[in-house]
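Report on the following structure.
Numbers restart at 1 for each chain; the letters A, B, ... are given by sequence-line order, proteins then strands. Predicted model only: the values in this text are computed from it and were never measured.
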Amino acid sequence: MEISKTYNPKEAELKWYPYWMNKGFFASKPNSNKKPYTIVIPPPNVTGVLHMGHMLNNTIQDVLIRRARMLGYNACWVPGTDHASIATEAKVVALLKEKGIKKTDISREDFLKHAWEWKEKYGGIILEQLKKLGASCDWDRTKFTMQPELSEAVIDVFIDLYNKGNIYRGVRMVNWDPVGLTAVSDEEVIYKEKDSQLIYINYKIKDSDDFITIATTRPETIMADTAVCVHPEDERYAHLKGKFAIIPLINKEVPIIYDDYIDKEFGTGALKVTPAHDINDYNLGLKHQLPVIDGLTADGKISEAAQIYVGIDRFACRKQIVKDLQEQGFVLKIDTIKNKVGHSERTDAVIEPKLSMQWFLKMEKISKPALDVVLNGEVKLIPEKFINTYRHWMENVHDWCISRQLWWGQRIPAWYDNKGNTVVCKTKEDAFEKLLSKNSELSIENIHQDEDVLDTWFSSWLWPLTVFDSNVIKNGWDKANEDLKYYYPTNDLVTAPEILFFWVARMIIAGKEYTGRVPFNNVYLTGIVRDKQGRKMSKSLGNSPDPLDLIEKYGADGVRVGMLLSSPAGNDLLFDESYCEQGRNFANKVWNAFRLIKGFEVGAIKQTEAQISAINWFDHKLNEQLNLINDYYAKYRMSDALMATYKLVWDDFCAWYLEAIKPDFIDGKAQPIDKVSYEATLNFLEKLLVIMHPWMPFITEEIWHLIAERAEKDCCMLASWPALKKTDEALLNNFEVIKEVVATLRNLRAQKQISPKEKLQLFENSNNERISLNPVVSKLANLSSFENTQQKTDGAFSFMISNAEFYVPLVNNINTVEEKARILKELDYSKGFLKSVQAKLTNEKFVNNAKPELIELEKKKENDTIQKIQTLENQLKSIT
RNA sequence: GGGGGGUUAGCUCAGCUGGUUCAGAGCACCUGCCUUACAAGCAGGGGGUCACUGGUUCGAACCCAGUACUCCCCA
């Protein structure tokens with residue numbers, strides 16, 4: 001069989017993904033004989049396409065789930081998407097616009113029809129992309145947050161929380177997105193630092209020539225001012241008590257009020273109060289019973305209430321009004337300041353604080369258990385540093401604005417009659433009955449449902465519950481179905497820190513509220529994928545590579561390895577394609593190791609001593625490293641686990657083991673290998689494939705099947721994770737010395753320009769039998785002989801390793817000057833070392849305070865070093 | 001303004017509850033090699049005042065305080 005010299009990932013990817021999927025290897029069903037291991041995917045936005053963040057996130061999930069499967073768990077990874085109300089609605093509106101249809105011209109029902117069509121056609125592309133990555137999700141379980149059963153659960157939750165008194169409707173200052181035409185939650189507002197103009201405007205004082213100067217960054221709102229506020233202890237304004245200021249241009253009188261909320265230092269110390277357009281002003285307004293004038297329309301234009309500039313956009317108005325105020329002499333001066341301006345996460349529009357009627361969820365009580373479970377470790381955050389952040393948020397939690405002025409989403413089940421009565425229930429018929437008791441003349445036609453939908457997070461906070469049992473809200477935990485009882489609580493959640501509150505906290509809240517149980521035991525928080533300059537990857541910057549292009553270029557395995565090599569939990573990943581290259585190179589290395597082994601010809605010959613020794617060593621090495629890798633996994637140190645795997649394969653297996661057992665060439669012909677060594681090697685390779693599989697599912701499966709003809713279910717992905725046994729530490733330490741001897745000889749060749757083909761003689765003078773004469777040294781250093789000697793060898797290159805002396809007789813005389821310098825340098829180092837050790841041992845405080853083991857260790861170091869110095873001095877003498 | 005991180009090699013990061021002359025890994029870099037598994041490779045090598053200042057200690061990259069710079073979250 002001809003095997004190509006470089007690994008071709010595409011072939012394996014096209015072959016094995018469908019194979020795994022069609023054989024049902026990803027599928028999971030409850031099985032009381034097996035322990036479950038469950039992950040629910042953070043549902044990507046249904047409009048989304050795969051980006052680097054998904055790539056990182058989902059690779060980690062796949063690694064965890066594949067390893068769990070190999071460890072014998074019933075592994076279940078539930079995929080799906082969320083309906084992303086704002087983003088999707090925006091896409092649909094845009095699409096309709098292309099067709100010449102305005103949203104306002106069609107009915108809600110028609111709009112939703114278009115939206116569903118859009119979703120069926122384009123939604124879920126991202127799930128197909130995940131398959132390219134190798135994601136071993138149970139696709140039969142794919143869910144969508146707006147599918148009927150899941151939506152019904154959302155409505156059930158709303159009704160339930162309303163009935164419990166946790167949901168209320170009220171006029172509040174919300175973050176208004178004038179482009180999306182909806183309220184957004186606090187978490188969806190991104191504050192960006194901007195240079196703004198701080199404009200100092202003179203307001204005349206009524207019945208006086210005096211005036212008061214206010215400073216504002218938002219002059220277009222002055223028409224909605226209802227007071228001017230100053231600090232009660234500010235002497236500058238003490239004389240204005242009881243007076244009125246006059247708003248320029250519209251000549252409206254507003255009172256001057258006093259409140260110690262005012263910062264005397266900022267601006268002029270006089271604040272224009274605009275209750276409708278600033279949360280602080282709003283609170284001031286409440287306190288001082290000021291009227292509220294809404295000077296803006298929903299889409300960010302100046303409203304009728306403002307009297308002037310009506311219908312002009314808020315930013316255009318800002319320019320115009322400054323100009324007009326200047327012309328009429330009201331502007332004292334203009335400063336440029338830096339301030340933070342809120343932007344909508346979805347539309348990037350400048351957020352407008354706006355008073356509006358919204359639905360809220362009271363958070364204080366309901367969130368308490370969700371804080372406790374994180375603090376007591378029932379839910380672990382990885383890395384732990386996020387616990388502080390989490391606590392801070394949970395202790396200062398605000399009520400959650402859950403209504404959105406959109407159509408795409410679960411419509412709020414609140415019903416109103418024509419007399420201002422409200423009921424909350426599922427159907428219009430129920431509503432009719434309920435309202436009838438309050439309003440006996442009511443007819444059903446006069447009932448209308450709330451126009452708003454619920455925040456998308458208000459459905460995704462149920463995700464870990466409803467993907468398994470959408471009836472759990474109705475029925476309660478005791479009547480939960482088999483799936484939920486078996487898979488829930490899930491094991492790990494892998495997500496980005498930026499949605500710790502948006503989503504993670506709220507899932508915990510919902511989990512505790514509806515099952516009394518947490519939704520997951522561990523939350524692994526990934527970093528953010530940034531570009532090399534540390535900028536967040538974004539479409540607008542165009543600095544994000546397309547993950548599918550990367551897969552095309554480096555193979556899925558290569559990209560997976562590349563992404564995980566350098567991303568410890570919670571650390572941002574400064575992405576660079578060279579990581580993928582490294583991943584691809586690793587895959588190729590594995591491929592070639594396989595080619596070598598596959599090329600061995602098995603013959604009826606005896607094992608060599610070197611092979612016996614190497615096999616014995618690697619057996620323990622693999623065991624040692626597996627133990628380490630398991631430990632890294634247990635601590636969720638993914639990149640460390642990967643790096644340990646990488647080095648085990650590349651360094652230990654390829655560079656040392658395979659070189660040691662590889663048969664020689666004689667007369668240009670590869671010699672055969674004995675059966676025992678061959679099988680041991682294949683066995684090692686298979687174990688390594690298993691260990692590599694979670695990171696590199698495709699190549700490992702491919703090689704697995706190239707090793708031998710396999711039965712249908714004899715797949716690498718279904719193989720068992722290797723078991724651990726006791727590691728012989730002494731054996732491993734000894735081999736480290738062997739490596740050092742070999743490295744020294746290689747170095748010698750390099751320095752003396754001795755060809756690797758030229759055989760060398762090596763003599764060892766030591767009583768350490770474990771190092772002595774190890775055949776692996778002869779093999780790897782290409783020795784003609786390796787013997788013990790008690791004699792000094794004159795004119796030989798000499799070196800010391802671990803208190804053993806070695807001599808290499810050289811044909812060309814060695815350079816005594818160089819040798820001497822080298823020995824002197826080592827001697828110098830050893831003497832310094834000895835001094836530091838002895839300093840400790842003669843230090844009474846050290847001897848009194850340090851642990852006994854430590855003192856023993858220091859004594860051993862002292863002895864060893866004294867011996868070494870002795871040997872070195874002898875060597876020096878023999879040279880001179 | 002409040003809270004939380006971070007600062008170790010050119011880059012990305014390890015370094016557990018202070019204890020080998022402790023300063024590490026991968027990549028990058030330099031040198032020599034197309035040695036019949038692999039140049040996507042092999043062998044060897046250089047590289048750091050552990051941000052700064054002070055303190056605690058027999059002993060500090062690690063603990064404490066302050067300074068500088070930086071990132072994130074919240075308002």
Side-chain angles (χ1 to χ4, degrees), chain A residues 3 5-7 186-187 189 191 263 279-280 340 342 383 385-393 395-398 497-498 500-501 527-528 530 532 534 554 558 562 565-568 570-576 578-579 581-600 631-632 635 637 639-640 642-644 646-647 650 654-655 658-659 662 665 668-670 742-751 753 755-757 782 828-837 839-840 842-851 853-855 857-858 860-862 864-865:
Chain A
I3 304 172
K5 199 168 164 181
T6 48
Y7 171 59
D186 291 345
E187 291 76 23
V189 180
Y191 289 88
D263 175 2
I279 181 64
N280 299 308
K340 301 248 175 135
K385 66 178 178 186
F386 287 107
I387 295 174
N388 279 332
T389 324
Y390 182 86
R391 175 171 54 204
H392 191 253
W393 190 77
E395 283 173 350
N396 297 285
V397 67
H398 297 178
E498 51 200 9
L500 191 55
F501 316 122
I528 296 165
R530 298 173 180 278
K532 244 188 148 178
Y554 300 103
L565 263 174
S566 192
S567 69
N571 270 36
D572 287 359
L573 168 66
L574 272 67
F575 183 79
D576 187 80
S578 67
Y579 289 126
E581 202 180 319
Q582 195 182 348
R584 179 201 62 180
N585 293 355
F586 182 48
N588 196 48
K589 184 72 188 176
V590 173
W591 182 250
N592 276 291
F594 161 70
R595 279 181 66 216
L596 172 68
I597 297 166
K598 190 73 185 169
F600 288 158
D631 190 54
Y632 282 140
K635 292 174 178 149
R637 297 183 62 144
S639 45
D640 288 330
L642 174 56
M643 185 47 73
Y646 180 94
K647 287 200 275 191
W650 198 311
C654 294
L658 287 178
E659 290 301 330
K662 189 160 100 174
F665 272 77
K669 198 175 172 302
V742 172
T744 308
L745 290 169
R746 282 172 175 165
N747 193 6
L748 175 71
R749 284 181 194 273
Q751 277 176 7
Q753 294 185 309
S755 154
K757 287 177 181 163
N782 195 21
D828 210 42
Y829 174 90
S830 301
K831 282 180 174 166
F833 182 63
L834 182 65
K835 215 170 137 192
S836 79
V837 174
K840 276 188 207 172
T842 53
N843 184 330
E844 253 180 65
K845 287 190 175 170
F846 173 76
V847 180
N848 292 339
N849 294 327
K851 286 183 232 157
E853 309 93 88
L854 199 67
I855 296 169
L857 197 72
E858 294 295 322
K860 185 173 181 305
K861 278 194 287 190
E862 185 188 25
D864 288 354
T865 314

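Taking a pair to require two hydrogen-bonding distances under 3.5 Å in either a Watson-Crick or a G-U wobble arrangement, rG32(B) pairs with rC42(B). Under the Watson-Crick or G-U wobble criterion, with both distances below 3.5 Å, rA60(B) has no partner in any strand shown. Applying the Watson-Crick and G-U wobble criteria (two distances, each under 3.5 Å), rG1(B) pairs with rC74(B). rC50(B): no Watson-Crick or G-U partner with both key distances under 3.5 Å is found in any strand. Of all nucleotides present, none satisfies the Watson-Crick or G-U wobble test against rG18(B) with each distance under 3.5 Å. Nucleotide rC13(B): paired with rG24(B) (Watson-Crick or G-U wobble, both distances less than 3.5 Å).
Between rU67(B) and rC22(B), the distance separating the two C1' atoms is 27 Å to the nearest Å. Using P as the reference atom, rC11(B) and rA28(B) are 15 Å apart when rounded to the nearest Å. Rounded to whole Å, the separation between the C1' atoms of rG41(B) and rC52(B) comes to 44 Å. Comparing rA61(B) with rG6(B), their C1' atoms are spaced 14 Å from each other, to the whole Å. Nucleotides rG24(B) and rC50(B) place their C1' atoms 12 Å apart, quoted to the nearest Å. Taking atom P on both nucleotides, rC64(B) is separated from rG45(B) by 39 Å, rounded to a whole Å. Here the separation of rG4(B) from rA9(B), taken at their P atoms, is 27 Å to the nearest Å. Straight-line distance between the P atoms of rA23(B) and rG47(B): roughly 13 Å, to the nearest whole Å.
In this model, the phosphate group of rC73(B) is not approached by any side-chain N or O of Lys385(A) to a distance below 4.0 Å at OP1 or OP2. For Lys835(A) and rU21(B), the shortest distance from a side-chain N or O to OP1 or OP2 is not below 4.0 Å. Contact between the side-chain N/O atoms of Lys589(A) and the OP1/OP2 oxygens of rG41(B) is not found at any separation under 4.0 Å. In this structure, Asn396(A) does not reach the rG3(B) phosphate: none of its side-chain N or O atoms is under 4.0 Å from OP1 or OP2.
In this structure, the CG atom of Leu642(A) is 16 Å from the P atom of rC13(B), given to the nearest Å. For the pair Asn747(A) CG and rG44(B) C1', the computed distance is 6 Å after rounding to whole Å. Here the P atom of nucleotide rU12(B) and the CZ atom of Arg530(A) are 12 Å apart, to the nearest Å. To the nearest angstrom, C1' of rG4(B) lies 6 Å from CG of Asn388(A). Straight-line distance from the NE2 atom of His392(A) to the C1' atom of rG2(B): 6 Å, rounded to whole Å. Whole-Å rounding puts the Leu834(A) CG to rU20(B) P distance at 17 Å. Put simply, NZ on Lys635(A) is 7 Å from C1' on rC16(B), counting in whole angstrom units. The nearest whole Å value for the distance from the CZ atom in Phe386(A) to the P atom in rC73(B) is 10 Å.
Residue contacts for Ala750(A): at a heavy-atom cut-off of 4.0 Å it reaches no nucleic acid atom on any strand shown. If you check every strand for non-hydrogen atoms under 4.0 Å, Glu659(A) touches a base. Residue Arg584(A) is in base contact, counting any heavy-atom pair closer than 4.0 Å across all strands shown. Looking at heavy-atom distances under 4.0 Å, Ala670(A) makes no contact with the nucleic acid at all.
For rU21(B), the base adopts the syn conformation, since its glycosidic angle falls within 90 degrees of zero.
Closest to the side chain of Asn588(A), from the set rG2(B), rU21(B), rA40(B), is rA40(B). With rA39(B), rA37(B), rU21(B) as the candidates, the nucleotide lying closest to the side chain of Lys5(A) is rA39(B). Of the listed nucleotides (rC58(B), rC74(B), rC42(B)), rC58(B) has the atom at the smallest distance from the side chain of Lys845(A). In the set rG45(B), rA43(B), rA37(B), the nucleotide with an atom closest to the side chain of Arg746(A) is rA43(B). Considering only side-chain atoms of Phe501(A), the nucleotide from rA14(B), rC73(B), rG4(B) that sits closest is rC73(B). The side chain of Leu658(A) approaches rA37(B) more closely than any other nucleotide in the set rG19(B), rA40(B), rA37(B).
One finds the NZ atom of Lys861(A) at 4.5 Å from the NZ atom of Lys840(A) (value rounded to the nearest 0.5 Å). In this structure, NZ on Lys662(A) lies 6.0 Å from CG on Leu596(A), to the nearest 0.5 angstrom. For the atom pair CG (Asn592(A)) and CG (Leu658(A)), the distance works out to 11.0 Å, reported to the nearest 0.5 Å.
Ranked by how close their nearest RNA chain B nucleotide is to the 5' end, Lys861(A) and Arg637(A) are led by Arg637(A). Annotation: of the two residues near RNA chain B, Glu498(A) and Phe665(A), the 5′-most nearest-nucleotide partner is Phe665(A).
The shortest distance between side-chain heavy atoms of Thr865(A) and Ser830(A) falls below 4.5 Å. With contacts defined as side-chain heavy-atom distances shorter than 4.5 Å, the pair Leu642(A)/Tyr632(A) does not qualify. Between Arg749(A) and Arg746(A) the shortest side-chain heavy-atom distance does not fall below 4.5 Å.
Contact record, Lys845(A) with Asn843(A): N-OD1, 2.9 Å, taken as the closest heavy-atom pair. In terms of heavy-atom proximity, Thr389(A) sits nearest to Phe501(A) at O-CZ, 3.7 Å.
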Under 4.0 Å protein heavy-atom contact, by nucleotide of nucleotides 22-29 of chain B - B base, S sugar-phosphate only
S--SSS--
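Checking side-chain atoms of Asn782(A) against main-chain N and O of Pro756(A) turns up a donor-acceptor pair under 3.5 Å.
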Given the rule in the side-chain contact (heavy atoms from CB on, under 4.5 Å) test, do Ile597(A) and Phe594(A) qualify, once you have shown the distances and angles that lead to the verdict?
CA-CA 5 Å; Ile597(A) 297 166; Phe594(A) 161 70; 5.5 Å; no
Listed pairs under 3.5 Å, donor-acceptor, residues 581-591 of chain A side chains, sequence neighbours left out:
residue	atom	partner	partner atom	Å
Gln582(A)	NE2	Tyr646(A)	OH	3.4
Asn588(A)	OD1	Tyr7(A)	N	3.0
Trp591(A)	NE1	Ser4(A)	O	2.8

